[in-house]
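Report on the structure given below.
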Amino acid sequence: MTVPGSNLRDFLESSPWRTSLTPEQMERVRADTTMRTFDAGATVCLRGSPALHWMGVVDGMLKVDTIAADGRSTTFAGVPAGAWFGEGAALKGEPRPYAVVAIRDSTVAFMPRQTFLWLIDESRGFSRWVIDQLNARLGHYVALIESFRLQDVTARVAYCVSELFNPQLYPSTDRQLVISQEEIGRLSGLARQNANRALHKLEEAGLLRIRYGVIEVLDLEGLQRFAQGHG
DNA sequence: ACATTAACGATGA
DNA sequence: TCATCGTTAATGT
C-alpha cells in the first residue's frame, strides 16, 4: 500500500491533459489539488451540493447516480481510475444534479473550481481537451440511447462494459474491472439477474471472463463489435 | 415475449 | 460472516 498523498503528484503528472500545461500552470495545479479516500459505499458528492471542484479518480471506482422518490436508483455513469469528471457542474457553477458514490474503496483528487476555470482561460490546449471530453460524453450518451432503442440486452451490457474503456473519458482502465454484477446491472439499466445472464453470454462468446467480484475483459474490440449488433 | 422482483442455496474473501 | 453469484419461480407490462 502506498502512503496517502505520496502518489497525487504522479497521478497529476500522468493525467491526459497534463501535456497541455506549462510547468508554471502545472505547479499551481499541484499546489491547489487535494486528495481524499473513501470507503466502498461512501458518498463523494451529495446530490444538490455546490460544485466546488473538478475531480479525478486516483484509485478505485465511482458511480454517478440518482435515487427516485420510491427509493429505486439508477446509475448514469461508472467512473474508473484515471478518469476526470464533473466538468459540467464545475463549468456551470450550479449544484451537482447527481450524487457521486464510491462503489469500492477509492481515492479521489479534488481540483478547486477556480483552478479549473483558470486553466480553461489560460491554456488553449487544456480548453481543447475539455471540449473533447464534453464531446466524448455527448457521443457516449447518444450511442447509449441508440443501444437502448435498437439493441438487445446483451449488446447493451457489452456496450456499457466497453465504454468503461473509452479512450478519451477513461484512458487507463484496468482490464480487470473490480465491479459486482449488481453494479453492471445498474450501469446497463437491468436487474442483476439479467446482467448475470448477459455477462454469461458474453463470456461464452469469449469476450470476457467472469470472476468473483471481477469482470476481466479479454477482447475489447470484440465487445465493441458485439455492442454494434450481432446475428 | 421479455423484463422484473423475490427467494434460495452455494461459494469466495 | 457477509457479499456476491447462479438459478428458478412468480409476477408484471
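Order of the sequence lines sets the chain letters (A, B, ...), proteins ahead of strands, with each chain counted from 1. All of these numbers come straight from a predicted model, not from anything done at the bench.
- A salt bridge is defined here as a Lys NZ or Arg NE, NH1 or NH2 lying under 4.0 Å from an Asp or Glu carboxylate O, and A/R175 with A/E216 fails to meet this definition.
- Across all strands, A/G189 comes closer than 4.0 Å only to sugar-phosphate atoms, never to a base (heavy-atom distances).
- Of the side-chain N and O atoms in A/N196, none sit less than 4.0 angstrom from OP1 or OP2 of C/dC5.
- Nucleotide C/dA3 holds its P atom 16 Å from the CD1 atom of A/I103, rounded to whole Å.
- Side-chain atoms of A/E122 and A/Q25 form no donor-acceptor pair, as typed in the model, at a separation below 3.5 Å.
- A/N194 has no side-chain polar atom (N or O) that falls below the 4.0 Å cut-off from OP1 or OP2 of B/dC2.
- A cation-pi arrangement, defined by a distance under 6.0 Å to the six-membered ring centre and an angle within 45 degrees of its axis, is present between A/R28 and A/W118.
- Mapping A/R192 and A/R197 onto DNA chain B by nearest heavy atom places A/R197 at the nucleotide closer to the 5' end.
- For B/dG12, the base has no donor-acceptor partner in the side chain of A/R211 [N/O atoms by modelled type, under 3.5 angstrom].
- Atom-to-atom, CG of A/D105 to C1' of B/dA13 comes out at 14 Å; the value is rounded to the nearest Å.
- Contact annotation: A/Q193 does not reach the phosphate of C/dT7 (side-chain N/O to OP1 or OP2, under 4.0 Å).
- Protein atom CD of A/E204 is 12 Å distant from nucleotide atom P of C/dG6, rounded to whole Å.
- Ring pair A/W84/A/F11: centre-to-centre distance below 6.0 Å.
- At whole-Å resolution of the value, CD in A/E182 and P in B/dT5 are 10 Å apart.
- In this structure, the nucleotide among B/dA3, C/dG6, C/dT8 sitting nearest to the side chain of A/I210 is C/dG6.
- Atom OH in A/Y212 sits roughly 7 Å away from atom P in B/dA13 (whole-Å rounding).
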